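Read through the structure below, which is laid out as structure tokens, and then see the notes.
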Protein chains: 2
Amino acid sequence: MEEEQSPRLGREPATEPSPAPEWPKPECKNDDDAKDPESTGGGGGGGNGISSLEQPLLKRSTTLTASHLAIVGAKVSHIESLDYEIIENDLFKHDWRSRSNVEVLQYIFLKWAMAFLVGLLTGVIASLINFAIENISGLKMQHMVNLVREKRYWASFLYFAGVNFVLTFVAAVLCVVFAPTAAGPGIPEIKAYLNGVDTPNMFGAPQLIVKHRRRVVGTGSRQGGPLVHIGACLANLLSQGGEGRWRLRWRWLRYFNNDRDRRDLITCGASSGVCAAFRAPVGGVLFALEEVATWWRSALLWRTFFSTATVVVVLRGFIEVCRNGRCGMFGEGGLILFDVSDVTVRYHVGDLLPVTLVGVLGGVLGALYNHVLHQVLRLYNLINAKGRLAKLALALAVSVFTSAGLYLLPFAVPCTPCDPAFGDACPTVGNSGNFKQFNCPDGYYNDLASLLHATNTDATRNIFSTGTAGEFRLDSLLIFFAIYCVLGLFTFGIAVPSGLFLPIILMGSAYGRILALVLARFVRIDHGLYAVLGAAALMSGSMRMTVSLCVIFLELTNNLLLLPITMFVLLIAKTVGDAFNPSIYEIILDLKGLPFLEPKPETWMKDLAVGELAAAKPRVVTLQVIEKVSTVVEVLRSTPHNGFPVLDRPRPGVSELHGLVLRSHLMAVLKKRWFLTEKRRTEEWEARERFSSTELAEKSGSINEVAVQLTPEELDMYIDLHPFTNTTPYTVVETMSVAKAVVLFRTCALRHMLIIPKFQGPEITPIVGILTRQDLRAHNILGAFPHLANKRKVH
Amino acid sequence: MEEEQSPRLGREPATEPSPAPEWPKPECKNDDDAKDPESTGGGGGGGNGISSLEQPLLKRSTTLTASHLAIVGAKVSHIESLDYEIIENDLFKHDWRSRSNVEVLQYIFLKWAMAFLVGLLTGVIASLINFAIENISGLKMQHMVNLVREKRYWASFLYFAGVNFVLTFVAAVLCVVFAPTAAGPGIPEIKAYLNGVDTPNMFGAPQLIVKHRRRVVGTGSRQGGPLVHIGACLANLLSQGGEGRWRLRWRWLRYFNNDRDRRDLITCGASSGVCAAFRAPVGGVLFALEEVATWWRSALLWRTFFSTATVVVVLRGFIEVCRNGRCGMFGEGGLILFDVSDVTVRYHVGDLLPVTLVGVLGGVLGALYNHVLHQVLRLYNLINAKGRLAKLALALAVSVFTSAGLYLLPFAVPCTPCDPAFGDACPTVGNSGNFKQFNCPDGYYNDLASLLHATNTDATRNIFSTGTAGEFRLDSLLIFFAIYCVLGLFTFGIAVPSGLFLPIILMGSAYGRILALVLARFVRIDHGLYAVLGAAALMSGSMRMTVSLCVIFLELTNNLLLLPITMFVLLIAKTVGDAFNPSIYEIILDLKGLPFLEPKPETWMKDLAVGELAAAKPRVVTLQVIEKVSTVVEVLRSTPHNGFPVLDRPRPGVSELHGLVLRSHLMAVLKKRWFLTEKRRTEEWEARERFSSTELAEKSGSINEVAVQLTPEELDMYIDLHPFTNTTPYTVVETMSVAKAVVLFRTCALRHMLIIPKFQGPEITPIVGILTRQDLRAHNILGAFPHLANKRKVH
């Protein structure tokens, strides 16, 4: 019974080297901080066995070696599952029953207060970040342009590159040293977390601070990703009442010390982040719903909406306070980022053809972008694997390269004479404005500088501007597209937290304008509208979202008449992109080796029964309902599992599957030495007297530390598991098809699923096996049953 | 084993009279048309037992007698469940395996083509309806006003009332005679359908036609509800390829002959309907997501979005064609219904207080509206129960009353002098315009006539108009509010299909303007903005939606700056409303006795095991895997159940739960006389040769008709159930708590859930019981376990 039970079904051949190859030892299993309460406890990866050397499965990728897996600076050393299931053991049940109505109301109030706080803090932080970025970045640009106007080209270049270098250096050091997981956009990790994968240290205080700093010191204000991660970190910190020694241990916070409520709050946080990035409250909610969240219900929709409403109110408040230049360069644009509502957009049914072209090409480009990004990330992995110094050098090299490109390229394009119709608006020397003079003589402007030497928000505003068909030259737009393509691809993977959204929006709008120039003689659509549609098409082609992107664009541009045409473009681009490769988030999820459960089971899973899966695994480790202490210790030591089926023999010849006990609860019993000298069933009050449900929710230490303190006499005693066993685990009969089991596992947000026999009779063990997240992943199953791969079909 | 098995757990005392009291006999069980394929078959309410004398459960309602249940003209005679589960029996599995890639792609293409068609047809029908309404209603108003201008008051009244009377008469007759289920808004029924409740004749062709006619002839163009129902009907018809003898039996349509695909398509249809009503594509998708659909996944989100995008493109096309008055009074307003985007809305953080007041009062009024509507519907039930003539009389009485009110009340208010600032816009005589002269002398206008003697769309546009603070008098607004309150309440339940949305929007906007006038000296917010907020608050207070309403209002008014403040008002109104009573849809669902499964289980369900539920029911009816024909016939005759657990005895002392067989499949076997002369297991090819999965998906006839044709020799033969048994039914162990079982049942969209024993040993039957929708409804459980009611808590 105590034999080693390898939890990975489709284990890769041992020849593969891996950055984190060892199966996590029991000693290190329980130290991930802030484990949740009525659920995971500080459980090992076990009963399920989740390992980071899991080979990623990409629909179209062929062979990835394990060295790709220490991806993008994030060291995913060991991955736990989250326990979203409700544990119904006697102690927890007693706790619910004794909870008064006041306490229940308190809990409901708390949930809303937390959602409010998440929105409030995300709004405040986003405003502060924007304030800092707009001012720092604005001053930098202004000074640089002034030096150019004085023709001190070398000084201006050194100033520009130097400032960028220092800022990147600070950001990269912060990132590499303190919070490697803060690099990258964070959205795939949040998506995995909400799917039930616990990537440790994803949502801690260091991440929050590093992200924050980085946003402030960054070379550009990439919107989106980082703010989403910041929102999620805030949510996580709030739900725990803080972190480490700063953690608040208020009594009412105990209600929140569980994975379910944290999941909900992190959903609110992610929505708030998107909302803060785009000032799009409805778009934020939909983004969380469409892209990020795995489980969703009406009540959560409402609460998420409340969070994003709070964010918008906060943002509006800041903008109102900062009106009239009181906060430097912040607060000029108003609440709508790229307001094009004053423009009457005209298009007719006859324009469907060029618009279709925008969508199709956008889908192709988006898929291409995903493909190249995938290759770049794999390359970076190889470099990052060489250590911290390599990471730092990479980040700085990218910074120098970027600075040179941004600075030098505008000199390469010729100056354009100002159209007198624009009057004083052309040319401008200052920070904002659509026609930057830069190095040009009076009466001329440099169109590329108007795009490159502006904050990204200003650049977007410029390129989206309507009625400016002749403003940008084709070559400038091509350079702009190329440079942002390179920037987007290469700054993404370096040890600096960065976002995905804005580079893609900029590339997309350039692509749209390029297409507009090419098609100019055939079509009458405004070039600004082309830019908007191009941005939408590229976003959709790369990220494969539809409804949320549509609403985000609606909220960005504040023009409802664009809606039908945007929908059309988004749908086409997504369809085209899907024909080539999976979405960018799926690619990153796979590269990071996060065991994400897909919503749709593969077709061949219908032909496999869960009993066959169980037969391919080592025998399940079970416990008796009244078990010897030494056996419990031995089981906990020898296996990393997180849950153990509990069996009983109520009368001779009859056996019973009593339920499932969690590692953390066994640890709590061992720590408290709640042992029996004889083999008897305890009364309910005995356990209730000694254990509170809050205690059981606390994280447990290492089994070895606890075990050495036990005397031989104690090891000979017994433990009654009745009060700790979850008597209502989810079960499937062994004939159940894997396809249906996967749906059940995912829709009910399980961590363990017990397999019971189909036969009834004497001498039949009441449990056949146990299934976990890893067992149900297509790639692992195919490892054990390779013949099924041939049955793959379109679906 | 064949004993009668009462499927209603919490059966009401037999003292209650009921309009449909008899337990439906087997003979009439199989005649609901267009039963679905691999699932329900023509099964009886059984294995689950769903009955319409189900007493509705309202959170705050006390005692409802059964006579309330033949509600609102809709005769819900017997209610089936839908089978959204995937049936994995040998025949179906073989069918999937042999399906080629081309066929799979064909199927995917079909799904999208269907979604496109639903959008296209909904868009076309909505445009035609609007075209007809705007012209009929406009001409009616115009002629009436002309008569008033000529001071021929009696003639104009008789004309007005007469036209209304005739139109109502036609609508009511159509409704009462042909399609009683077309009355009412239809949204609760769609909600129930998507939850898994099959209300027969809900989505047929007569409903579609009646709704269509009614919209055309109606007394006012109540938006929303009917169009939603029309969309759903279209979707259902398309998925079946037509109805009755007009039904297309194309080969490729067979893929769609199942409940799952129909469910998805009906979701698309409902979204398209909302989209067509409000011209709000994103709002439509969100409405379906938030309010209507029970199951949701990303792929469906995308397809629904595609449908609504199609609707918008169609609407835009019609409006473009009808520009410049080419279609009479249709197509004037453009795509945005109540466009207020040209107005700069100013509000500041200091305005939060009055806005909160709008929300709080809106919530109270919405809850009050729900309460009164509940009472009115109960009263109508009593009248409707008296027969068709009573229904007709009721509808006509309401019509006369309405006409009188609408006509006479504008005479009661004094004329207002025109503000010279408005110039030619005041007064107007024609159909549109904000300042109607009606009975007033030149230079004066009648503000109440401006609201009442316009189509509802125009009325909304007038009342939403900004910069018109002094236009409406307080007494006119009060009258308007009162009359629409009465109209909304009393036209809702009559035998005429009607919508919920527009009356509430109008009431709400009047309420907002009233509040604006009352608070005028304290606050600076524009009165038009108050009207919008008031409408949002009342909608939210009555319907309890947030995100979708917010988006719908955004799309209605095309003003993004209103978004934060609208969100705020919606959240407050919903919270306040929820404190009083459930949403209007839940009230109607309850009144109709539709067994809707709530998303959240009650707290006391944690304290009850499914085994206890099973013990309270009669013993489950099972079949052996090779069963005598006479036994099968007997079981089918004596029980109305839809599913039967199949047991096996592979070797002595060992028994096995082989799976679940559906009534419709048993019927198919009996019809084909696929009998064995000896008790043996058949080879797989034997069944595959005789039965196609398409045949099994067809509806089955009545058991008695089939049974009488069987000879005594045949009755003595055997049936091998192996090929027909779904070997992967969802199961729970008897110790599972009801709370978790409910979640499982709902999230996996089940129809049957088998309960298996927790013990393993000799002489233990491998099945304990079977659970269905009715067994898991809180009200029914409380009927059998009344002591649990005391444990009810806030949750």
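Naming: A, B, ... by sequence-line order, numbering from 1 per chain. Just so it is clear, the model here is predicted, and its values are computed rather than measured.
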Less than 3.5 Å apart, which donor and acceptor atoms pair up between the side chains of residues 649-657 of chain B and the rest of the protein, not counting sequence neighbours?
none

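Only the side chain of A/Leu286 has a heavy atom closer than 4.5 Å to any heavy atom of chain B. Contacts between A/Val547 and chain B at a heavy-atom distance below 4.5 Å involve backbone atoms as well as side-chain atoms. In this structure, chain B has heavy atoms under 4.5 Å from both the backbone and the side chain of A/Thr308. Using a 4.5 Å cut-off between heavy atoms, A/Ser548 does not touch chain B at all. Neither the backbone nor the side chain of A/Pro599 comes within contact range of chain B; no heavy atom of the residue lies under 4.5 Å from a heavy atom of that chain. Contacts of A/Lys93 with chain B are made by side-chain atoms alone, with heavy-atom separations under 4.5 Å and no backbone atom involved. Contacts between A/Phe568 and chain B at a heavy-atom distance below 4.5 Å are absent for every atom of the residue.
Here the OG1-CD1 distance, from B/Thr765 to B/Ile756, works out to 13.0 Å after rounding to the nearest 0.5 Å. Between atom CH2 of residue A/Trp302 and atom OG1 of residue B/Thr575 there is a gap of 4.0 Å, rounded to the nearest 0.5 Å. Rounded to the nearest 0.5 angstrom, A/Lys758 NZ and A/Ile764 CD1 are separated by 10.5 Å. With values rounded to the nearest 0.5 angstrom, A/Leu570 atom CG is found 13.5 Å from B/Phe306 atom CZ. Expressed to the nearest 0.5 Å, how far CE of B/Met567 lies from OG1 of A/Thr310 amounts to 8.0 Å.
The shortest non-hydrogen separation linking A/Val610 to A/Val738 is N-CG2, 4.1 Å.
Of the listed residues B/Met545, B/Glu290, B/Lys606, B/Glu291, the one with more heavy-atom pairs under 4.5 angstrom with chain A than any other is B/Lys606. Chosen from A/Pro766, A/Pro729, A/Ser737, A/Cys748, the residue pairing most often with chain B at heavy-atom distances under 4.5 Å is A/Ser737. Listed options A/Leu744, A/Thr727, A/Val743 were ranked by heavy-atom pairs under 4.5 angstrom with chain B; first place goes to A/Leu744. Of the listed residues (B/Val311, B/Leu301, B/Thr735, B/Val551), the one with the most heavy-atom contacts under 4.5 Å to chain A is B/Leu301.
Residues in residues 740-750 of chain A take part in these side-chain hydrogen bond (donor to acceptor under 3.5 Å, both in side chains) pairs, two or more places apart or across chains: A/Lys740-B/Glu85, A/Lys740-B/Thr728.
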